[in-house]
S.K.: 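I have a structure here, written as structure tokens, and I will follow up with some questions on it.
As the structure lists them, so they are numbered: ligands from 1, and atoms in each ligand from 1. Worth knowing before you read on, the calculation uses all heavy atoms, side chains too, and leaves out hydrogens, waters and symmetry mates.
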Amino acid sequence: MSDKPWGGRFEAPTDAFVEAFNASTHVDARMYAEDIAGSRAHATMLTAQGILSEEDLTLILDGLNQVEKEIESGEFEFSIALEDVHMNIEKRLTDIIGDAGKRLHTARSRNDQVGTDTRLYLRKRTEALMIRIKHLQGVLVKLADEHAATVMPGFTHLQTAQPVTFGHHLLAYVEMFSRDYARFDDAKTRMNQCPLGSAALAGTTFPINREQTAELLGFDAPCANSLDAVSDRDFIMELLSSASICSIHLSRFSEELILWMSAQFGFIDLPDAFCTGSSIMPQKKNPDMPELVRGKAGRIVGALMSILMTMKSLPLAYNKDMQEDKEAIFDAFDNLEGCLRVFGDMLPGLKANIGNMHKAAGSGFSTATDLADALVRAGVPFRDAHEIVGKSVAYCIKENIELHEMKASACADIDGRLTIAMVQVLSVETCVAARNHTGGTAPEQVRLQCAKWVKQLND
Ligand code: ARG
């Protein structure tokens with residue numbers, strides 16, 4: 001004989017290993033609050049529709065309160081024999097209040113229940129991630145404002161390209177994170193529809209009011225199609241896509257922090273509290289946090305792959321495969337939240353080595369484009385200007401000097417159109433200040449953008 005809530009048609013008990021293998025309590029127990037909220041809303045709606053009595057409703061609501069207290073105090077014992085959070089809570093409720101507990105599952109299935117719980121739980125977790133993203137943006141904007149005029153080399157191909165301001169570089173990440181925020185917000189809006197009432201797959205024979213249940217749980221509407229409601233997991237795919245993109249942004253930022261903290265760059269130092277040493281090399285201070293955050297991107301993107309592959313080719317409607325949907329996203333969200341927290345806490349302590357940045361910004365002929373632009377302003381066609389500056393760079397490499405150190409005679413030898421006045425004014429400060437238009441790297445633009453962001457983040 002089976003001892004399961006669904007055991008009526010079974011003659012033999014579940015295999016002991018299968019019982020453990022089948023259970024999802026170790027993953028879904030964390031949705032207990034959402035499961036209880038869903039049951040409260042469902043019972044309230046059933047009563048309003050005359051399907052449950054007022055007496056049953058009172059018993060159910062009181063009983064659910066008690067179950068919630070027992071879980072929160074740690075005295076509740078989840079049993080794997082009861083498979084999941086849904087049946088564990090229902091069983092305990094029934095132990096406390098008797099038959100009324102057994103009536104709660106009227107017009108409901110675990111299929112619409114799990115869909116509802118997961119959406120509610122992930123809505124809450126997404127909101128927490130969005131708060132973390134916003135906080136990190138605030139930290140970056142503050143740092144960017146402090147370094148609006150700090151000059152560093154800008155790179156393409158990781159080769160010195162043109163001078164940029166450190167503030168401008170940091171604001172690039174503020175932009176990326178704002179799109180991450182918007183992606184989460186967008187996914188959150190799309191998933192905010194309530195599966196409850198879809199029951200197993202086709203709806204129910206009872207005269208339910210799905211609009212009421214949806215409203216009680218803060219959903220915008222009930223899901224419009226019961227089959228879709230119980231089999232849709234694209235909200236998880238969307239959330240994990242958003243999480244993956246955000247973690248990729250964090251990994252790029254991590255990589256730069258790691259490079260910048262190396263002795264070879266020497267651009268920044270990170271606070272001791274976020275670094276560790278080596279057990280053998282006494283001189284070492286390792287940027288562990290950016291390294292770990294860079295690594296976390298792998299497992300977060302892995303979670304996206306996992307849900308995509310789990311759902312691939314699954315026929316409608318619910319399939320047990322879908323029980324695998326939660327572990328990966330819970331892990332990914334826990335880790336992304338950790339990454340965002342670490343960055344938000346670590347970056348206010350970042351120390352920029354302005355001297356090293358400035359020195360590096362001026363090396364590698366980073367002002368060459370500006371010299372070409374000066375020639376163009378004097379009427380030289382850009383292609384000719386490019387050629388003239390190219391020759392100048394070759395000359396400077398041979399002489400081991402910088403462009404602004406060229407003598408008038410050398411300029412004249414290279415090309416009659418190249419003047420000493422053009423090379424003498426070359427400096428990394430003039431280079432960045434000259435790029436003073438929307439989206440440019442000039443300190444003035446960085447300050448404008450910071451002011452815009454401060455306002456936007458506080459709205
Ligand atoms: N533990 C299940 C899950 O996470 C709940 C739904 C189970 N439904 C069912 N008919 N077995 O997906």
S.K.: Given H169, which of W260, F155, F253 fulfils the ring-ring contact (aromatic ring centres under 6.0 Å, His included) condition?
M.R.: W260
S.K.: I'd like to know if R110 and E90 make a salt bridge, using a cut-off of under 4.0 Å between side-chain N and carboxylate O.
M.R.: no
S.K.: Show the distances, to 0.1 Å, for all pairs joining an N/O atom of ligand 1 and a protein N/O atom that are shorter than 3.5 Å, listing one pair per line.
M.R.:
{"from": "ligand 1", "atom 1": "1 (N)", "to": "S24", "atom 2": "OG", "distance (Å)": "3.2"}
{"from": "ligand 1", "atom 1": "1 (N)", "to": "D84", "atom 2": "OD2", "distance (Å)": "3.1"}
{"from": "ligand 1", "atom 1": "1 (N)", "to": "Q323", "atom 2": "OE1", "distance (Å)": "2.8"}
{"from": "ligand 1", "atom 1": "4 (O)", "to": "K326", "atom 2": "NZ", "distance (Å)": "2.7"}
{"from": "ligand 1", "atom 1": "8 (N)", "to": "N111", "atom 2": "OD1", "distance (Å)": "2.9"}
{"from": "ligand 1", "atom 1": "10 (N)", "to": "N111", "atom 2": "OD1", "distance (Å)": "3.1"}
{"from": "ligand 1", "atom 1": "12 (O)", "to": "Y318", "atom 2": "OH", "distance (Å)": "2.5"}

S.K.: Whether D232 and R119 form a salt bridge (side-chain N of Lys/Arg under 4.0 Å from carboxylate O of Asp/Glu) is what I want to check.
M.R.: yes
S.K.: With a 4.5 Å limit on heavy-atom distance, are the side chains of S39 and R108 in contact?
M.R.: yes
S.K.: Can we say D99 and K102 salt-bridge, meaning some charged N sits less than 4.0 Å from an Asp/Glu carboxylate O?
M.R.: yes
S.K.: So is R252 actually on top of Y173's ring, under 6.0 Å and inside 45° of the axis?
M.R.: no
